[in-house]
Amino acid sequence: MTELSKAYDPAAVESDLYADWIAAGLFHADPDADGEPFSIVIPPPNVTGSLHIGHALDNGIQDVLVRRARMQGRNAVWIPGTDHAGIATQNVVEKQLAAAGTDRHELGREAFVERTWQWREESGGTILRQLRRLGASCDWEREAFTFDESRSNAVREVFVTLYEQGLIYRGNRLINWCPRCRTALSDIEVEHTDTQGELLRFRYEFADGDGSIEVATTRAETMLGDTAIAVHPDDERYTDLVGREVRHPFQDRTFAIVADDYVDPEFGSGAVKITPAHDPNDYAIAQRHDLAVIDIMDDEARLTDVVGERFAGLDRFEARRAVRDALDEAGLLVGVEAHEHAVGHCERCKTVVEPRLSDQWFVSVRPLAEKAAQAVRDGRTVFVPESRTKLFLEWLDNLHDWCISRQIWWGHRIPAWYGPDGEIEVSRTDVDREGWVQDEDVLDTWFSSQLWPFTTMGWEGPDSDTPELATWFPTSVLVTGYDINTFWVSRMLMISLWLHDEVPFRVVHNHGLVRDEFGKKMSKSFGNSIDPLDLIDKYGADATRFALLRSAAPGVDVPLAEEWVEGAKRFANKLWNVAAFALQRLEGTEPGDLPDADALTLEDRWVLSRLESMRAEVDAAYDGYEWSVVCRGLYHFAWDELADWYLEAVKVRLYGDDPEAAAAARAVLAVVLDDLLRLLAPVMPFVTEVLWRALTTSPGGRASLMVADWPQARDTLDAGAERDFAVLQDLVTEVRKFRSQNDIAPKVRFGITVASTHRDLLQAQAPMLEALAGLSELAFVDAIEDRPGTSTIVFGGGSCQVELAGLIDVEAELARLTKELAKAEGELQRVEGKLANGSFVERAPAEVVERERARRGELLEQISQLREQVDALEAL
RNA sequence: GGGCGGUUAGCUCAGCUGGCUAGAGCGCCUCGUUUACACCGAGGAGGCCGGGGGUUCGAGCCCCUCACCGCCCACCA
């Protein structure tokens, strides 16, 4: 046992405790150890990142899960690591180069990659270091990196396997291109935002000079690559025109009008200009009609020479204006109107994405998606909340092939080699032959992170047979925001089922996004973001975790304000003081067996019953990922029941002169506190550990709450005790109310005369009642006889009479009573109405009707007493 | 264009399969230096549970409808 300081100071204990846990090896797990396996792999944060509030929530939840699993005796591991984050990391290093007045091309590929590795050695560990501040109990000996040797071997193995199975192919197709990053992007790396643009209507003149046809576009510059005009085959306005040629106004060429179902006759003129190289729909039409494809832009989205001298070299946005002016000049512009439409932006740098035709590598996702969908439908992986399931399945159903090649340098190089005669070889080992060169591109970051649940356990190929895989794969649960279900969760499911015929995780727990206290998204630019490290500095890791989890429910966004974290710190401090009190009074009593039933007082039986009911509720909430319920249950029990009532009630015995009674009280208090600390430990690991160690002298001397047993159900539910205690609470509360409303100082003690059906109970508990309500004595009578100069306090179980002489302010008391009377009469009216309703009495369950009848009785009683009191006061 | 979620006290939210005399935290008001805690204690004020309709003995909870807000998905120029 140790003395506790007056207030809890998180900073004073957290780092030492964390070091202590590490030194004791408590985070490290052994696949061969006993216990039902439990495993989580961290969603690897980008090496470029630093801990933001969303990570704090995500990892806080994971830590809660793994800490509880350990206490439950499971063989639990939490594997940490980071993602090399291809484009994001490359951008960071490129910015540094730009600041230094150079760029990656000047540096050269090899030196650039070298430099990026160096950057990651120096700065890449930031976020994992910060996670330690949060208390994350990761098995740091197992830290992995998506781009380290083992993970890279796995990536190559998977690429080659899928290639051999025909699921990876190279093709010249229209992809999303970021002209700033100068790389291809997958569909989901494109963010669509509604943008106000212009819809330009203009005419193409027929080649024979006889008339024209009107088309519309939001991207005027693309007309420089038009190779057809499409109309709907059933559109009578144009039936005769199909097959006719139009002349390009700025280029010396003509092209035809074609008919295609894709065209919506209702939109615009019903005729669509077709730019196969720069629009996915147009590309599809071009394929159907065997149209020419003219690529008009370079990789920075500048127009190339093919568009003709007038526009060559212009940026696409300059060109948009230039083409518009040129059309106007040529008398072809029909009109310009404001037009809102969705424009795709690069997820990483927010540049407008350009559809572009190029040679890329793709994964054919259909077969993989089907397996994944089936596994989810079969419940082999379940989503929490369940409502995400449907969304996820629908998304899987509509997947397009996945473009996996990126024209950047930081990432896994594609294991394909090209021979001098255009041969391609995809290989597990480097091709080192004269004249052969490796593909310049690297793989999408998600290609490696999709393998994470098994590569972190040492999988590098079908022959891998590590104990980690045997024990911990599939993982137990994956914790992420719902925002990356598509990016990552889906791909892990697909690839894992495809390669192993096994789901990567049994549960996907989606939490929400952290928002500010008004529900606004936290963002640096908006100035409402909160730095979790600041919170930890100011309020402690426990408070930060508790505040986040307290408003977290599956799939629901989490609002957070700094004051709420402050509130959580106050909770930690409250616990601290509860324990401080206990330490003073326990006199060495250790948590152990409960005293015999006959040694338990009413408040003991009450608190043990409440404890058990809280334990059951909280335990179930842990199982259901209902974090706010977990937190609320623990908070409410600790503060409103243990501290406010039990501790106060138990003082009578602790300060009393009956040693046996005091010993029993101490034994119960020790057990209750011990269970509470255990149940709270996963959420607030630091303060609970300090207090638990202070309250427990373990024989080994170095025991930790981290590996203490998780509380089991106790046979202590006691409805009778709860009912009886509620009577006492009600009496105490009513007396306090009377005192407060009549401005009677706390020091002033007064006696009451009680008439109650619970006379024996109240009589037995008189010392406690006197202590809690500040009474000088309790006298008992069969019935209150109303007398002038007295007031009657009604409580749920009877009433008591107070001599008013010298105690109260008559006017104020009268006003209060009148108001209360009106309220009671109003409610009586409601109850009478219900009971007067024949069908209610007939059809409602008997117990419900009975409850209303009883309520009527109580109200009648209360009203008559109130009336008597009013009369009595008025007589004064 | 499609889908999902929300609308309950000043703010942020709980309210499970309909029985609520609708709760919590923060904020607000009054009182209080009672020997665990002023990072506290006691008490209090404050809600036509978004609008309208329906089902039911009974609706914050179920159904329909409208309004507003938020999010996700989407290759109509």
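Every chain is numbered from 1 and lettered A, B, ... according to where its sequence line falls, protein lines coming before strand lines.
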| query | Can you pull the salt bridge (Lys or Arg N to Asp or Glu O under 4.0 Å) pairs that have at least one residue in residues 217-228 of chain A, sequence neighbours excluded? | reply | A:R219-A:D279, A:R219-A:E354, A:E221-A:R320, A:D226-A:K273
| field | Letter per nucleotide, 5' to 3', of nucleotides 12-25 of chain B [B base touched, S only sugar-phosphate touched, - untouched; heavy atoms, 4.0 Å] | value | SSS----BSB---S
Does [X] make a side-chain N or O approach to OP1 or OP2 of [N] shorter than 4.0 Å?
X: A:K574; N: B:G41; result: yes
X: A:Y655; N: B:A36; result: yes
X: A:K390; N: B:C4; result: yes
X: A:K737; N: B:A42; result: no
X: A:K6; N: B:C39; result: no

In the structure shown, which nucleotide is the Watson-Crick or G-U wobble counterpart of [N], with both distances under 3.5 Å?
N: B:U17; value: none
N: B:G1; value: B:C73
N: B:A59; value: none
N: B:G43; value: B:C29
N: B:C68; value: B:G6

Between [N] atom [atom2] and [X] atom [atom1], what is the distance in whole Å?
X: A:I213; N: B:A77; atom1: CD1; atom2: P; answer: 18 Å
X: A:D260; N: B:C76; atom1: CG; atom2: P; answer: 15 Å
X: A:N742; N: B:A42; atom1: CG; atom2: P; answer: 19 Å
X: A:L393; N: B:G2; atom1: CG; atom2: P; answer: 22 Å
X: A:N573; N: B:C39; atom1: CG; atom2: P; answer: 8 Å
X: A:D483; N: B:G70; atom1: CG; atom2: C1'; answer: 15 Å
X: A:L772; N: B:G41; atom1: CG; atom2: P; answer: 15 Å
X: A:H192; N: B:A74; atom1: NE2; atom2: P; answer: 6 Å

Looking at every strand, decide which applies to [X] at a 4.0 Å heavy-atom threshold: base, sugar-phosphate, or nothing.
X: A:H341; result: sugar-phosphate
X: A:S387; result: nothing
X: A:A579; result: nothing

| query | Has the side chain of A:W645 got a donor or acceptor atom that lies under 3.5 Å from a matching backbone atom of A:V607? | reply |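 Pair absent, no side-chain N/O of A:W645 close to backbone of A:V607.
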| request: Could I get the full list of side chain to side chain contact (heavy atoms under 4.5 Å, CB included) partners for A:V13, not counting sequence neighbours? | output: A:Y8, A:V690
Taking only the [atom1] atom of each, what is the distance from [N] to [M] in whole angstrom?
N: B:A45; M: B:A9; atom1: C1'; result: 11 Å
N: B:A77; M: B:G5; atom1: P; result: 28 Å
N: B:C31; M: B:U7; atom1: C1'; result: 38 Å
N: B:C29; M: B:U34; atom1: C1'; result: 23 Å
N: B:G47; M: B:C71; atom1: C1'; result: 28 Å
N: B:G10; M: B:C72; atom1: C1'; result: 32 Å
N: B:C62; M: B:G19; atom1: P; result: 11 Å
N: B:G23; M: B:G44; atom1: P; result: 13 Å

With a 4.5 Å heavy-atom cut-off, do [X] and [Y] have their side chains touching?
X: A:L673; Y: A:L642; answer: yes
X: A:I257; Y: A:I213; answer: yes
X: A:R585; Y: A:Y655; answer: yes

Residue [X], side-chain atoms from C-beta onward, closest of [options]:
X: A:E394; options: B:A36, B:C73, B:G3; value: B:G3
X: A:L391; options: B:C39, B:A77, B:G3; value: B:G3
X: A:D264; options: B:C76, B:G41, B:C4; value: B:C76
X: A:N577; options: B:G32, B:C37, B:G3; value: B:C37
X: A:D644; options: B:G41, B:G32, B:C73; value: B:G41
X: A:W639; options: B:A36, B:G32, B:G41; value: B:G41

| message | On RNA chain B, compare the nucleotides closest to A:R219 and A:Y482; which residue's is nearer the 5' end? | response |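 Residue closer to the 5' terminus by nearest nucleotide: A:Y482.
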| note | Comparing nearest nucleotides in RNA chain B, the 5'-proximal residue of the pair A:A271, A:A643 is A:A643
Residues 552-571 of chain A side chain polar contacts: donor-acceptor under 3.5 Å, at least two apart:
residue	atom	partner	partner atom	Å
A:D557	OD1	A:Y482	OH	2.9
A:D557	OD1	A:L513	N	2.8
A:D557	OD2	A:R515	NE	2.6
A:D557	OD2	A:R515	NH2	3.1
A:E562	OE2	A:K538	NZ	2.6
A:E562	OE2	A:Y539	OH	2.7

| message | The criterion is ring pair (Phe, Tyr, Trp, His ring centres under 6.0 Å); which residues satisfy it with A:Y622, sequence neighbours excluded? | response | A:W710
| field | A:Y625 and A:W627 aromatic ring geometry - parallel, tilted or perpendicular at 30°/60° bounds | value |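 Because their plane-to-plane angle is over 60°, the rings of A:W627 and A:Y625 count as perpendicular.
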| query | Nearest heavy-atom pair of A:L772 and A:A649: which atoms, and what distance? | reply | CD2-N, 4.1 Å
Distance-only check: which donor-acceptor pairs under 3.5 Å involve side-chain atoms of residues 394-401 of chain A, not counting sequence neighbours?
residue	atom	partner	partner atom	Å
A:N398	ND2	A:E394	O	3.0
A:D401	OD1	A:V365	N	3.3
A:D401	OD2	A:Y169	OH	2.7

| request: Mark yes or no for a side-chain to base donor-acceptor pair under 3.5 Å between A:E648 and B:A42, with no hydrogen or angle criteria applied. | output: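 Per atom types, no contact qualifies.
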